[in-house]
Amino acid sequence: MSSPIEAVRGMRDVLPGEQRATAQVRAALERTLAQHGYAHIDLPIVEQRELYLRKLGEELVGKVYEFSFGGRDLALRPEWTASVLRAYVSAMQDQPLPMRIAYSGPVFRYERPQRGTYRQFTQVGVELVGGPAPRADAEAMALACAGLDAVGVKSYRVVVGHIGLIREILASLGLEERTQGTLAWSMERMRAEGVAALRERISETIGAPPPGLELPAGLDEDQATSWLLGMLDAMRIDLSTGTRDPQDVVARLLRKLRRGDPQPQIDRALDLLYRLSQLHGSPADVLPQVATLLTEAGLESVAYVELRAILALLADHGIDQDRVEIDLGLGRGLHYYTGLIFEIYDGDQMQICGGGRYDDLVSALGGRHPTPAVGFAYGLERVAALATAVAPPAERVALVSPVSDDDYAYALDVARRLRLRGFTTTVDVRGRSVATNLRDAARRGVGYLAVVGTEERAQGTVVWRNLTSRDERRVALDEIGDG
RNA sequence: GUGCUUGUAGCUCAAUGGUUAGAGCGCCUGACUGUGACUCAGGAGGCUGUGGGUUCGAGACCCAUCAGGCACCCCA
């Protein structure tokens with residue numbers, strides 16, 4: 001006997017029992033999204049590798065399944081948003097905005113497998129393209145909650161952050177774009193490891209160039225570029241293997257070498273961000289603290305006003321305020337977010353949903369007009385594990401037991417008639433005895449057994465047995481299943 | 001990516017470093033030729049995850065590797 005072949009690590013077989021339950025949850029979620037006006041689309045699992053290189057964030061880029069085939073660099077999609085907006089830009093820009101789009105299907109991420117964490121899992125989600133803040137943000141969050149309610153997930157928490165607020169503060173301090181990005185996406189790290197650790201880390205990647213590494217004086221942009229390329233080439237550093245093209249790399253290097261952000265500015269940013277990252281709790285508690293913080297810093301914040309409006313609208317949507325928490329230290333791994341970001345957790349800290357606003361992504365993917373957009377995705381398997389409300393539809397199941405080989409054709413005819421009458425019907429293919437078929441039917445939970453032999457075949461009848469009540473009688477073919 | 005833990009029959013688990021690795025459940029066949037869950041009898045099913053090593057002798061001890069689980073990290 002040859003040895004069995006195992007499923008690939010992190011990939012799992014979904015067997016009939018689980019598949020049935022998961023499909024119910026999936027259908028219920030999709031129904032909820034459809035009822036809110038989101039049109040379902042389907043898109044390829046395989047995309048150009050390039051689609052994910054720029055805006056995904058280092059953490060997630062490292063988890064993308066990439067491969068080359070036929071000279072193309074390809075990737076298995078690690079999430080849907082990029083694909084949906086790619087499709088929007090390529091074929092849906094003629095549609096009236098806002099567009100409400102729903103999707104569901106597998107995504108792939110190379111992560112350490114665990115319970116509730118698989119390398120292939122299913123995302124069910126939406127994108128609201130052309131939906132501006134704050135109403136579209138509140139709609140998205142409320143819809144995410146509605147789906148969970150529809151499948152009976154009970155004790156979930158909605159955690160709300162706003163990356164636009166962070167960016168606004170950093171911009172007002174006059175920090176470079178790149179510095180802003182690095183700091184904005186370090187919020188989680190800062191909370192976990194403190195300011196000092198982050199300051200250390202930051203100084204390695206941003207700020208003034210170390211002494212001795214300055215550019216030769218008096219070079220213009222082109223001269224500096226070719227000088228740098230020459231240096232890199234002389235050092236045999238191959239730029240073609242990275243995720244950015246060589247021009248991009250050099251341009252970034254140049255910017256870094258020409259000027260860094262002054263340390264006082266960075267320290268001030270770190271201090272402000274640290275205090276923001278500590279703000280965590282109910283909106284009623286946190287919002288006033290944010291306001292105080294902004295006033296002390298002498299900052300006017302559009303994002304803060306927007307966040308307040310979103311939360312107020314969320315209440316108007318009927319979302320239980322006790323479920324909502326603000327966490328301004330929230331920094332999601334997808335770097336394309338520009339405003340609201342939110343995550344939904346069940347009671348046990350398992351994240352079951354995540355989303356946010358990404359107003360620059362349509363343009364970044366080549367869209368004609370800047371288009372605001374917001375969306376979210378559920379992890380279907382995680383939601384299904386918590387779903388309680390979905391009842392499988394009752395079905396009547398019958399087994400047809402031919403007594404001898406001569407009765408098999410007649411048994412098939414009986415089965416066809418049973419299916420027409422709504423029974424899920426199988427015919428014994430193993431030539432088993434009536435006794436064995438009964439035993440088998442009882443074990444499988446089959447409700448009805450039709451015995452067909454010589455006599456029934458001659459009469460056009462079956463022996464129709466209800467396995468639950470043990471009631472049995474001979475009935476004509478036309479009357480099968482009545483009562 | 002880091003740390004820990006577990007892999008023995010289809011499933012749940014036994015087996016002090018010492019015969020031919022067992023049990024329950026499940027599966028298959030049958031119990032005077034067409035009637036049941038719980039009966040009875042019989043049967044199939046294993047290179048102990050894989051590959052090395054230590055030992056007279058390894059399912060057990062050591063190393064590696066693969067897979068599952070747990071806690072981080074991150075996410076859905």
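Just so we're clear, the structure is a prediction, and the values are computed from it rather than from any experiment.
- Atom C1' of B/G59 sits at a distance of 5 Å from the matching atom of B/U48, rounded to the whole Å.
- Residue-level contact check: A/Arg430 touches the backbone only, with heavy atoms under 4.0 Å from sugar-phosphate atoms and none from bases.
- The interatomic distance linking A/Leu148 (CG) with B/A76 (C1') rounds to 12 Å, in whole Å.
- Taking the P atoms as reference points, B/U50 lies 14 Å from B/G7, given to the whole Å.
- At a cut-off of 3.5 angstrom, the base of B/U35 holds no donor-acceptor pair with the side chain of A/Arg439.
- For B/G3, neither phosphate oxygen OP1 nor OP2 lies less than 4.0 angstrom from any side-chain nitrogen or oxygen of A/Arg112.
- Contacts of A/Tyr118 with the nucleic acid, taken as non-hydrogen atoms under 4.0 Å apart, include base atoms.
- Between B/A76 and A/Gln351, a contact under 4.0 Å exists linking OP1 or OP2 to a side-chain N or O.
- Side chains of A/Val451 and A/Trp464 form no contact here, defined as non-hydrogen atoms less than 4.5 Å apart.
- To the nearest whole angstrom, the two C1' atoms, one in B/C72 and one in B/G51, are 31 Å apart.
- Using modelled atom types and a 3.5 Å distance limit, the side chains of A/Glu139 and A/His317 yield no donor-acceptor pair.
- Put simply, A/Tyr378 does not rest on the base of B/A76: the two rings are not both less than 5.5 Å apart at their centres and under 30° in tilt.
- In summary, of the residues considered (A/Leu307, A/Asp327, A/Asp137, A/Ile310), a side chain to side chain contact (heavy atoms under 4.5 Å, CB included) with A/Val160 occurs for A/Leu307 alone.
- Comparing B/U19 with B/G57, their P atoms are spaced 15 Å from each other, to the whole Å.
- Distance, A/Gln120 CD to B/C75 P: 21 Å, rounded to whole Å.
- In the displayed structure, A/Tyr65 atom OH is contacted under 6.0 Å by more than 12 heavy atoms of other residues, nucleotides or ligands.
- Nucleotide B/G34 holds its P atom 13 Å from the CG atom of A/Asp406, rounded to whole Å.
- One can find a donor-acceptor pair under 3.5 Å joining the base of B/G36 and the side-chain atoms of A/Arg465.
- Atom P of nucleotide B/A37 and atom CG of A/Asn466 are separated by 17 Å, given to the nearest angstrom.
- On the C1' atoms, B/C40 is 38 Å away from B/U16, given to the nearest whole Å.
- In terms of modelled atom types and a separation under 3.5 Å, the side chain of A/Arg419 and the main chain of A/Thr425 share a donor-acceptor contact.
- Look at CH2 on A/Trp80: it is 18 Å from C1' on B/C75, rounded to the nearest Å.
- Among the heavy atoms of the strands lying under 4.0 Å from A/Arg115 are primed sugar atoms or P, OP1, OP2 only; no base atom is included.
- If you check the side chains of A/Asp428 and A/Ser401, you find no donor sitting under 3.5 Å from an acceptor.
- B/C11 and B/C4 are spaced 29 Å apart, taking the P atom of each and rounding to whole Å.
- Scanning RNA chain B for stems, defined as runs of 3 or more consecutive Watson-Crick or G-U wobble pairs whose donor-acceptor distances all fall under 3.5 Å, gives the following ranges: B:1-7 with B:66-72, B:10-13 with B:22-25, B:27-31 with B:39-43, B:49-53 with B:61-65.
- Here A/Thr454 lies in heavy-atom contact (under 4.0 Å) with a base.
- Comparing A/Arg443 and A/Val463 by the nucleotide of RNA chain B that holds the closest heavy atom to each, the one mapping nearer the 5' end is A/Arg443.
- Residue A/Leu60 is out of contact with every strand shown, counting any heavy-atom pair closer than 4.0 Å.
- Between A/Ala7 and A/Thr117, the residue whose closest nucleotide on RNA chain B is further toward the 5' end is A/Ala7.
- Residue A/Gly125 is out of contact with every strand shown, counting any heavy-atom pair closer than 4.0 Å.
- Contact annotation for A/Arg12: no contact, since no heavy-atom pair falls under 4.0 Å across all strands.
- Residue A/Arg9 places at least one side-chain N or O closer than 4.0 Å to OP1 or OP2 of B/A67.
- Across the C1' atoms, B/U12 and B/C27 are found 16 Å apart, a figure rounded to whole Å.
- Shown here is A/Arg432, whose CZ atom has more than 12 heavy atoms of other residues, nucleotides or ligands within 6.0 Å.
- Nucleic acid contact for A/Gly354: sugar-phosphate only, since backbone atoms but no base atoms lie under 4.0 Å from a heavy atom of the residue.
- A/Cys353 places none of its side-chain heavy atoms less than 4.5 Å from the side chain of A/Glu343.
- A/Arg470 comes within 4.0 angstrom of a base, heavy atoms only.
- The two atoms that bring A/Arg77 and A/Gly105 nearest to each other are NH2-C, 3.8 Å, heavy atoms only.
- Within 4.0 Å (heavy atoms only), A/Val107 reaches no atom of the nucleic acid at all.
- The distance from atom CZ of A/Arg444 to atom P of B/A37 is 15 Å, rounded to the nearest whole Å.
- If you check every strand for non-hydrogen atoms under 4.0 Å, A/Gly10 touches sugar and phosphate atoms only.
- Here A/Glu6 lies in heavy-atom contact (under 4.0 Å) with sugar-phosphate atoms only.
- With contacts defined as side-chain heavy-atom distances shorter than 4.5 Å, the pair A/Phe376/A/Val126 qualifies.
- Contact annotation for A/Glu472: base contact, defined as any heavy-atom pair under 4.0 Å involving a base atom.
- Nucleic acid contact class of A/Glu111 (heavy atoms, under 4.0 Å, all strands): base.
- Only the P atoms considered, B/G42 is 12 Å distant from B/G24, to the nearest whole Å.
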